Structures are given as C-alpha cells and as structure tokens.
Protein chains: 2
Amino acid sequence: MTAAMQLTNVLKTLADPTRRAVFERIIREGEVAATGLVQGSKVSQPAVSQHLRALRDAGLVAERREGRHIHYRVAPKGLGPLIDWLGHYETFWAERFANLEKLLKESE
Amino acid sequence: MTAAMQLTNVLKTLADPTRRAVFERIIREGEVAATGLVQGSKVSQPAVSQHLRALRDAGLVAERREGRHIHYRVAPKGLGPLIDWLGHYETFWAERFANLEKLLKESE
DNA sequence: CAATCGTATAAGTATTCGCTTATATATTCG
DNA sequence: CGAATATATAAGCGAATACTTATACGATTG
C-alpha cells in the first residue's frame, strides 16, 4: 500500500461526520467498549460496528479484547499519513501562510 | 456552516485521489490555468472542471480570471478547518505521540 | 448445556460520487 | 459578426457509501 493510498484511506475515514464523531469520542474517553459508543450514538449498533471496522482498517484505532467486551483506543500513528502530507507541503504554504507550526500553536 | 461541516467538506474534498492530485499540482505550480491542469490529467476536461469547483467550494483554491483563462491558486486558509481540528486534539495525542509540531519537523 | 450479552457480519436499499459525452457560456480574434 | 478557444454545466450511469433489519458468532453466566 502506497503512502498516497494510506492518506486516501485516512481522509475518507475521517470525512464521514458520524464516523468522525465515534473517533472523537474514543479520543476523549481514552478507551471505550463498543457498547459505550453505541450509547448516545444516533445510529444503530451495526452501524457503529462498521464505523469501528473502518477506523481500524485505516489504522486510526486499535482494539483490546477483555471478555465479551472489546475496548477501542486511538492509534495515534494512524494520523501519520495525514501529518506527513501536511508537512510535505508545508514549505509551499509557508510563503503565504506563515507555517503550520505557528498555526498549530495559534489554534489552541 | 458549522466548523464541523467545513471540516467534513475539506476532508471529503481531499479524500478523492484525482481531486487531491489536482490540488497538489496547483500547490506545486503556484498558479495554473484550468487548461494546464487538464493536460497531463487522466480524466476529461469536465471532470477537472468539476474537481476545481469542489476545491473552490471547499475554500481550498481561489481563481483569477485573465481573458479566456482562469488561473487557479491555493487558498491556504482553506486548510484552516483541518489544521484547527488537528490542533484541537493535539493535547490528547501529545501524551502518547509526542506532539504535532515535532512530527511536522520530523516529516521534512 | 442453555440463556444471555457484546459484537460482528449479511443482505438489501437509497443516496452520493466521479466519471463520461454532449452542450452551453464567456472571451478573444479575424 | 462569425469562428475559435477556454471553461462550465447538464444529463446519465455504474460504483461506492452509509444506513437499516435480521442473523450469526463468541464469551460468560446460571
């Protein structure tokens, strides 16, 4: 799998708002079982399960089985393709947009 | 339009490899007419035109008319929603993944 | 073992997407 | 004005997407 394909996967996976909401909840809660993610979600359990699979396939989350429960956590390396891509073009934006580092600081 | 919706637009727009390739060419070439982008593209002129519209609608490129030609250039602010989103969750990743700034430096 | 709980998969469907060909809308040139 | 150039829009189509309900699988419990 090329870097471009990985980036495409990450972008496609994060582009869906429902799936991104699941991802953000995992970020905030640290480690959550799928049940916990279904609670408070607008969509059904299978839909959440499908989103979790997509997130895992994209390398954005990892799972840990504990009895009947499967706990999901963020796999920060999954964002690597996105970070790399932004960094790769940073020099082109720097000329007219300061630079990404500065932006990251300002956005906090 | 909420911030989440803008982010969704940016992610969706960049998620298509053909469209992202158009965007990357605009980045590299600085300012290009649509004709130049059609040359060397795998897809037809209308397809390129549709991608350019999507990029403009997402705020990722700006255009400047000059006679019959329309020159496209990157609108760096268009990446704002993406940068902001990454920055917003930076603190959550920092614990286990150093921080985005460091990553950006390393990725050069 | 049987019932139950947590999660995944299967199958079907409506919507969205990216592409094509054909046509329309500027803008310039002779 | 009429022809040519640069770009956009229209219409249609096949593939992908995100959801649903129904069912299967895996692990625990009584």
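Letters go in sequence order (proteins before strands), and every chain restarts at 1. Quick caveat, the model's predicted, so the values are computed rather than measured.
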* Separation of A/His51 NE2 from A/Asp16 CG (nearest 0.5 Å) -> 5.0 Å
* When you check the phosphate oxygens OP1 and OP2 of D/dT20, does a side-chain N or O of A/Ser44 lie under 4.0 Å from one of them? -> yes
* Asked: Separation of A/Leu55 atom CG from D/dA18 atom P, in whole Å?
  -> 11 Å
* Should A/Tyr72 be listed as having a side-chain N or O under 4.0 Å from OP1 or OP2 of C/dA8? -> yes
* How close or far is atom P of C/dC17 from atom CZ of B/Arg53, stated in whole angstroms? -> 12 Å
* Structure fact -> Taking C/dT21, C/dT9, D/dT9 as options, the one with an atom nearest any side-chain atom of B/Ser49 is D/dT9
* A/Lys12 NZ to D/dA15 C1', straight-line distance once rounded to whole Å -> 11 Å
* Between D/dG26 (C1') and A/Ile70 (CD1): distance, integer Å -> 9 Å
* Mapping A/Thr18 and B/Leu52 onto DNA chain D by nearest heavy atom, which one lands closer to the 5' end? -> B/Leu52
* Asked: Have A/Arg20 and B/Thr8 got a donor and an acceptor in their side chains that come within less than 3.5 Å?
  -> yes
* Per B/Gln45 side chain, nearest of listed nucleotides D/dA8, D/dA27, D/dA10 -> D/dA8
* Asked: Between atom CG in B/Asp57 and atom C1' in C/dC17, what is the gap in whole Å?
  -> 15 Å
* For the pair made of CZ in B/Arg68 and C1' in D/dA8, what is the distance, rounded to whole Å? -> 16 Å
* To do: Could you check B/Gly36 against A/Pro46 and say which one's nearest nucleotide on DNA chain D is further toward the 5' end?
  => B/Gly36
* Go through D/dA8, C/dT20, C/dG6 for me and flag the one nearest to the A/His69 side chain. => C/dG6
* Structure fact -> note: B/His71, atom NE2; D/dA8, atom P; distance rounded to Å ~ 12 Å
* Asked: What do you reckon, is CZ of A/Arg64 surrounded by more than 12 foreign heavy atoms closer than 6.0 Å?
  -> yes
* Asked: Which of these nucleotides, C/dT20, D/dC19, C/dA26, is closest to any side-chain atom of B/Arg65?
  -> C/dA26
* Asked: Will you find, in the side chains of A/Gln6 and A/Trp85, an N or O donor that is under 3.5 Å from an N or O acceptor?
  -> no
* **Sugar-phosphate only, base, or nothing, as touched by B/Ala47 at under 4.0 Å among non-hydrogen atoms** => base
* side chain to side chain contact (heavy atoms under 4.5 Å, CB included) evaluation trace for A/Ile83 with B/Leu86 -> CA-CA 9 Å; A/Ile83 304 288; B/Leu86 287 169; 4.3 Å; yes
* Atom CG of A/Leu37 and atom P of C/dG6: how far apart are they, to the nearest Å? -> 14 Å
